Amino acid sequence: MPSMRWLGIDPGLRTTGFGVIELEGQHLRYISSGIIQSGEVEQGLPKRLGILYSGVKEVLLTYQPDAAAIEEIFLNVNPRSTLMLGQARGAVIAALVSTGLPVSEYSARGVKQAIVGTGRASKLQMQEMVKRLLKLKKSPSPDAADALGVAICAAHHHQVHNSHAKR
């Protein structure tokens, strides 16, 4: 079975996490992870969205994923924060689809359920499980761990879907 490279994204206006993994058969392999920071508030929203778009494009060029997955936004108590997060997510999705990459979406609760076993998992629990699943020496940052979790969730979902399709 050929390997498939996945890019997971945890979108945020201030900090967007990314994680790149490969799935070959049943084996997950860590490739890279990190964060894209959009700059200072004083720069204005359009400039910050442009930084996120460019940052994702750079990640795509560097790691050449076969598919991507992004975390869905949840409704925040503050409507302005939800709107701004939605705009950041839109800039990231635009960067992903601009290359023709297939993009899937997963809820934060669904990712936590798939990785930790509970949809109410803490950031620390996500970091620890991602570290274990990918056999890392140390835990990734919270945003990178969430992005890696999205990638792992997408890779497993794809694998299960394809195994059912072959029957």
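Just so it is clear, the model here is predicted, and its values are computed rather than measured.
Here Ser107 contributes atom OG and Ile73 contributes atom CD1; the two are 12.5 Å apart, rounded to the nearest 0.5 Å. To the nearest 0.5 angstrom, Cys153 atom SG is 13.5 Å from His158 atom NE2. Atom CG of Leu60 sits about 10.0 Å away from atom CD of Glu58, to the nearest 0.5 Å.
Applying the 6.0 Å contact sphere to CD of Gln64 captures more than 12 heavy atoms from other residues, nucleotides or ligands.
Between Glu71 and Ile9 there is no side-chain heavy-atom pair separated by less than 4.5 Å. Two residues are said to be in side-chain contact when any heavy atoms from C-beta on lie closer than 4.5 Å; Leu7 and Leu96 meet this criterion. By the 4.5 Å heavy-atom criterion applied to side chains, Arg5 and Tyr63 are counted as neighbours. At a threshold of 4.5 Å between non-hydrogen side-chain atoms, the residues Leu23 and Ser3 do not count as touching.
Glu72 pairs by the salt bridge (Lys or Arg N to Asp or Glu O under 4.0 Å) definition with nothing, not counting sequence neighbours. For Asp143, the side chain to side chain donor-acceptor pair (under 3.5 Å) criterion is met by no residue, not counting sequence neighbours. Residues passing the ring pair (Phe, Tyr, Trp, His ring centres under 6.0 Å) test with Tyr106, sequence neighbours excluded: His157. In this view, Thr118 satisfies the side chain to side chain donor-acceptor pair (under 3.5 Å) rule with no residue, not counting sequence neighbours.
Hydrophobic clustering, with ILVMFWY side chains joined whenever heavy atoms are under 4.5 angstrom apart, groups Leu133 together with Val111. Residues Val92 and Val103 share a single hydrophobic cluster, defined by chaining ILVMFWY side chains whose heavy atoms lie under 4.5 Å apart.
In this structure, the side chain of Gln127 engages the main chain of Pro140 through a donor-acceptor pair within 3.5 Å. A donor-acceptor pair is defined here as one N or O able to donate and one able to accept, closer than 3.5 Å; such a pair exists between the side chain of Gln43 and the backbone of Glu40. Formation of a donor-acceptor pair under 3.5 Å by the Arg109 side chain with backbone atoms of Arg120 is not found in this model.
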Check residues 13-21 and write down every donor-acceptor pair under 3.5 Å in which the side-chain atom is one partner and the other belongs to a residue at least two apart or another chain.
residue : atom : partner : partner atom : Å
Thr16   : OG1  : Gly12   : N            : 3.1
Thr16   : OG1  : Gly12   : O            : 2.8

For residues 46-54, please give each side-chain donor-acceptor pair under 3.5 Å, one per line with the distance, not counting sequence neighbours.
residue : atom : partner : partner atom : Å
Arg48   : NE   : Ser38   : OG           : 3.1
Arg48   : NH2  : Ser38   : OG           : 3.2
Ser54   : OG   : Gly50   : O            : 3.1

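Ionic pairing of Lys112 and Asp146 is not present here: no N-O contact between side-chain nitrogen and carboxylate oxygen is shorter than 4.0 angstrom.
The minimum heavy-atom distance linking Leu101 with Ala68 is given by the pair CD2-CB, 3.6 Å. Contact record, Met126 with Val116: SD-CG2, 3.7 Å, taken as the closest heavy-atom pair. In terms of heavy atoms, Ser141 sits closest to Ile35 at OG-CG2, 4.1 Å. Residues Leu85 and Pro11 come closest through the heavy atom pair CD1-O, 3.5 Å.
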